[in-house]
Trainee: 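Before we start, here is the structure in question, set down as structure tokens.
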Amino acid sequence: MKVCAVIMAGGVGTRFWPYSREARPKQLLDVLHNGKSLLELTIERTKTFAELANTLIITNKSHIEGVKAQTPGLPAENIIAEPIGRNTAPAIALAAKIAKERLGEDAVMVVLPADHMIKNDHEFTRLIEIGMRLASITKGLITLGIHPTRPETGYGYIQLDDERLPSSATLPGFTEFELRDIFCAHRFAEKPDKETAERFVESGIFLWNSGMFIWRVDAIEEALRTYTEGIMEHIDVLSAEGNADFTKKLNDVYSKIRGVSIDYAVMERAKNVYVLRASALGWSDLGSWDEVWRLSEKDLNNNVIEQSKDIVVRNSKGNLVFSKSKELIVLNGVNDLVVVDSGDAILITHRDKAQSVKDITDYLKRNSRNEYL
């Protein structure tokens, strides 16, 4: 089987301000303080099912040098710079075009965000291998759905179709053990409010939408042509990626394409969507500082403290403190705060407001405080 790994690395990670900036986005940072960036960890996972020569990274032109520095051994032509962000559907169409030219239309694409955390790499590889076989045999559009552990309002959800359950008759060649995690998708749901999220989790037929996809090149091209207006038709004019003419044409193409997510453009409309249920990945999209606190090792008072820094915490519980400066930071008698010192800016927010950090970057942009973006 010919496999192309596609890593989506175009985001900025505004919810991780002030640690994350436009020049140093979340995927290039060691957010979990384990010695490797999120992109480097993603690259390591792709090596279990795809050759490095067949791994593409779609990123923003302003991040090219940062990506190159973290991906030694990856051919330079495999790092594709979008001139402007157009969301995930155009990026995936571009990757499909390149994969088709290099590997053929029957190649399988595995599309992964660059900024997710996965603790169980063995289970991840097992599910990817099932998904690749499923995509190759059925020409279906495969997505990984995460078994929810809480009523999370920061994630989208996928409702499983419990009336159309794949079986050994409909999917020959798959074991009963594998079939138990393969479902047809009924519908996609946007990020819900707390009450709706609780109903989703209690129902047992909703999974978190991970944003990880598997499909054949011809299957996603056909879907994009069917469900979107002009994306593939614009991408079709591109060829021979990597030369100056390609870059010029890509700039022109992206100026004409409307930005849209692959979920909204294709996955919510297509009829051939399968969901692989992932129950033991230890997955997180690391969408906020609160999620970093949730996943990090804590002291006896549930504080997450960067041990190498001069930080003193007294009579305080449930806080997260990161610092890139040499200044002493003292927390006294406060609970459930996020304190991040980036050296030129300090964020102090309650943990349950961590999702709204993006509003701060919007405020700074509106007020022309670009030196902090």
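Please read these numbers as outputs of a predicted model, since none were measured by experiment. Hydrogens, waters and symmetry mates are skipped; everything else that's a heavy atom, side chains included, is used.
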Trainee: Please walk me through it: do Ile98 and Leu56 pass side chain to side chain contact (heavy atoms under 4.5 Å, CB included)?
Mentor: CA-CA 9 Å; Ile98 296 170; Leu56 302 177; 3.9 Å; yes
Trainee: Search all heavy atoms of Arg126 against all heavy atoms of Asp181 and return the closest pair with its distance.
Mentor: NH2-OD2, 3.4 Å
Trainee: How long is the span from the CG atom in Asp285 to the NE2 atom in His116, to the nearest 0.5 Å?
Mentor: 4.5 Å
Trainee: Taking only Lys NZ, Arg NE, NH1 and NH2, and the carboxylate oxygens of Asp or Glu, determine whether Glu291 and Arg294 approach each other closer than 4.0 Å.
Mentor: yes
Trainee: Look at the side-chain heavy atoms of Ile, Leu, Val, Met, Phe, Trp and Tyr, link any pair under 4.5 Å apart, and say whether Phe183 and Leu134 land in one connected group.
Mentor: no
Trainee: Under a 4.0 Å N-O cut-off, is there an ion pair linking Lys61 with Glu82?
Mentor: no
Trainee: For the pair Thr59 and Ile79, evaluate side chain to side chain contact (heavy atoms under 4.5 Å, CB included) and give the outcome as yes or no after the intermediate values.
Mentor: CA-CA 7 Å; Thr59 190; Ile79 304 173; 4.1 Å; yes
Trainee: Knowing that exactly one of Ile142, Ile214, Leu103 qualifies, which makes a side chain to side chain contact (heavy atoms under 4.5 Å, CB included) with Val108?
Mentor: Ile214
Trainee: Looking at His147, is its backbone amide N or carbonyl O close enough to the side chain of Arg277 to form a donor-acceptor pair, meaning the two atoms are under 3.5 Å apart?
Mentor: no
Trainee: With rounding to the nearest 0.5 Å, note down the distance linking SG in Cys4 to CD in Glu51.
Mentor: 11.0 Å
Trainee: Is a donor on one side and an acceptor on the other found under 3.5 Å between the side chain of Arg24 and the backbone of Tyr19?
Mentor: yes
Trainee: Verify the distance criterion only: is there a donor paired with an acceptor across the side chains of Thr196 and Asp193 at less than 3.5 Å?
Mentor: yes
Trainee: Given the side-chain rings of His234 and Tyr254, with only the six-membered ring counted for Trp, is the space between their centroids under 6.0 Å?
Mentor: no
Trainee: Over all heavy atoms of both residues, which pair between Asn87 and Gly259 is shortest? Give the atoms and the distance, please.
Mentor: CB-C, 4.3 Å
Trainee: Counting distance only, does the side-chain N/O of Ser210 pair as donor-acceptor with the main-chain N or O of Leu144 below 3.5 Å?
Mentor: yes
Trainee: Where the side chain of Arg45 meets the backbone of Thr125, is there a donor-acceptor pair that is under 3.5 Å apart?
Mentor: no
Trainee: Hey, could you give me the CG/OG distance between Asn302 and Ser316, rounded to the nearest 0.5 Å?
Mentor: 12.5 Å
Trainee: For Glu297 versus Val304, what's the shortest heavy-atom pair and its separation?
Mentor: O-CG2, 3.9 Å
Trainee: State the CG-CG distance between Leu127 and Asn120, to the nearest 0.5 angstrom.
Mentor: 9.0 Å
Trainee: Taking atom types as modelled, is there a side-chain donor on Asp263 or Ser261 under 3.5 Å from an acceptor on the other?
Mentor: no
Trainee: Any side-chain donor paired with an acceptor under 3.5 Å for Ser288 and Asp290?
Mentor: no
Trainee: For the aromatic rings, using the six-membered ring if either is Trp, is the centroid distance between Trp215 and Phe213 under 6.0 Å?
Mentor: yes
Trainee: Please tell me whether Asp336 and Asn319 have a donor and an acceptor in their side chains that are separated by less than 3.5 angstrom.
Mentor: no
Trainee: When you measure from the centre of the six-membered ring of Trp293, is the NZ or CZ of Arg351 under 6.0 Å away and within 45° of the axis?
Mentor: yes
Trainee: Does the cation-pi check pass for Arg133 over Phe174, that is, NZ or CZ under 6.0 Å from the six-membered ring centre and within 45° of its axis?
Mentor: yes
Trainee: May I ask you to decide if Ala219's main-chain N or O and Glu222's side chain share a donor-acceptor pair within less than 3.5 Å?
Mentor: no
Trainee: What distance do Thr46 atom OG1 and Ile43 atom CD1 have between them, rounded to the nearest 0.5 Å?
Mentor: 4.5 Å
Trainee: Donor-acceptor pair, Asn34 side chain versus Lys36 backbone, under 3.5 Å?
Mentor: yes
Trainee: Check for a donor-acceptor pair, side chain of Thr228 on one end and backbone N or O of Arg225 on the other, with a separation under 3.5 Å.
Mentor: no
Trainee: Would the distance check show the side chain of Thr361 and the main-chain N or O of Thr14 forming a donor-acceptor pair, the cut-off being under 3.5 Å?
Mentor: no
Trainee: Can you establish whether the number of heavy atoms outside Glu44 located under 6.0 Å from its atom CD is more than 12?
Mentor: yes
Trainee: Would you say that Leu347 contacts Trp17 through its side chain, given a criterion of any heavy-atom pair below 4.5 Å between the two side chains?
Mentor: yes
Trainee: Quick one, Ile346 with Val340, criterion side chain to side chain contact (heavy atoms under 4.5 Å, CB included). Give me CA distance, side-chain angles, the key distance, then yes/no.
Mentor: CA-CA 6 Å; Ile346 299 174; Val340 181; over 6 Å; no
Trainee: For atom CZ of Phe188, decide whether the heavy atoms of other residues, nucleotides or ligands shown that lie under 6.0 angstrom number more than 12.
Mentor: yes
Trainee: Return yes if some donor-acceptor pair links the side-chain N/O of Asn54 with the main-chain N/O of Ala50 below 3.5 Å, else return no.
Mentor: no
Trainee: Measure the spacing between OG1 of Thr48 and CD1 of Ile128 and express it to the nearest 0.5 Å.
Mentor: 8.0 Å
Trainee: Can you confirm whether more than 12 heavy atoms, excluding those of Lys2, are under 6.0 Å from its NZ atom?
Mentor: yes
Trainee: Can you classify the ring geometry of His33 versus Phe322 as parallel (below 30°), tilted (30 to 60°) or perpendicular (above 60°)?
Mentor: perpendicular
Trainee: Assess the side chains of His350 and Asp352: does a donor N or O sit below 3.5 Å from an acceptor N or O?
Mentor: yes
Trainee: For the residue pair Leu337 and Leu320, establish whether any side-chain heavy-atom pair is separated by less than 4.5 Å.
Mentor: no
Trainee: For Asn60, does its backbone N or O pair with a side-chain atom of Ser62 as donor and acceptor, under 3.5 Å?
Mentor: no
Trainee: Within a 6.0 Å radius of atom NZ on Lys358, are there more than 12 heavy atoms belonging to other residues, nucleotides or ligands?
Mentor: no
Trainee: Which pair of non-hydrogen atoms, one from Ala89 and one from Ile231, has the smallest distance, and what is that distance?
Mentor: CB-CD1, 4.1 Å
Trainee: Might you point out which heavy atoms bring His63 and Glu22 nearest each other, and give the distance in Å?
Mentor: NE2-O, 2.7 Å
Trainee: I would like to know whether Tyr155 and Trp283 meet ring pair (Phe, Tyr, Trp, His ring centres under 6.0 Å); could you show each step before the answer?
Mentor: CA-CA 12 Å; Tyr155 297 156; Trp283 172 91; 5.1 Å; yes
Trainee: Is any side-chain heavy atom of Lys298 less than 4.5 Å from a side-chain heavy atom of Asn303?
Mentor: no
Trainee: State, to 0.1 Å, how close Lys26 and Gly13 come at their nearest heavy-atom pair, and which atoms those are.
Mentor: CB-CA, 4.0 Å
Trainee: Does any donor atom in the side chain of Ser325 or Asp341 lie under 3.5 Å from an acceptor atom in the other side chain?
Mentor: yes
Trainee: Are more than 12 heavy atoms, taken from residues, nucleotides or ligands other than Glu371, located less than 6.0 Å from that residue's CD atom?
Mentor: yes
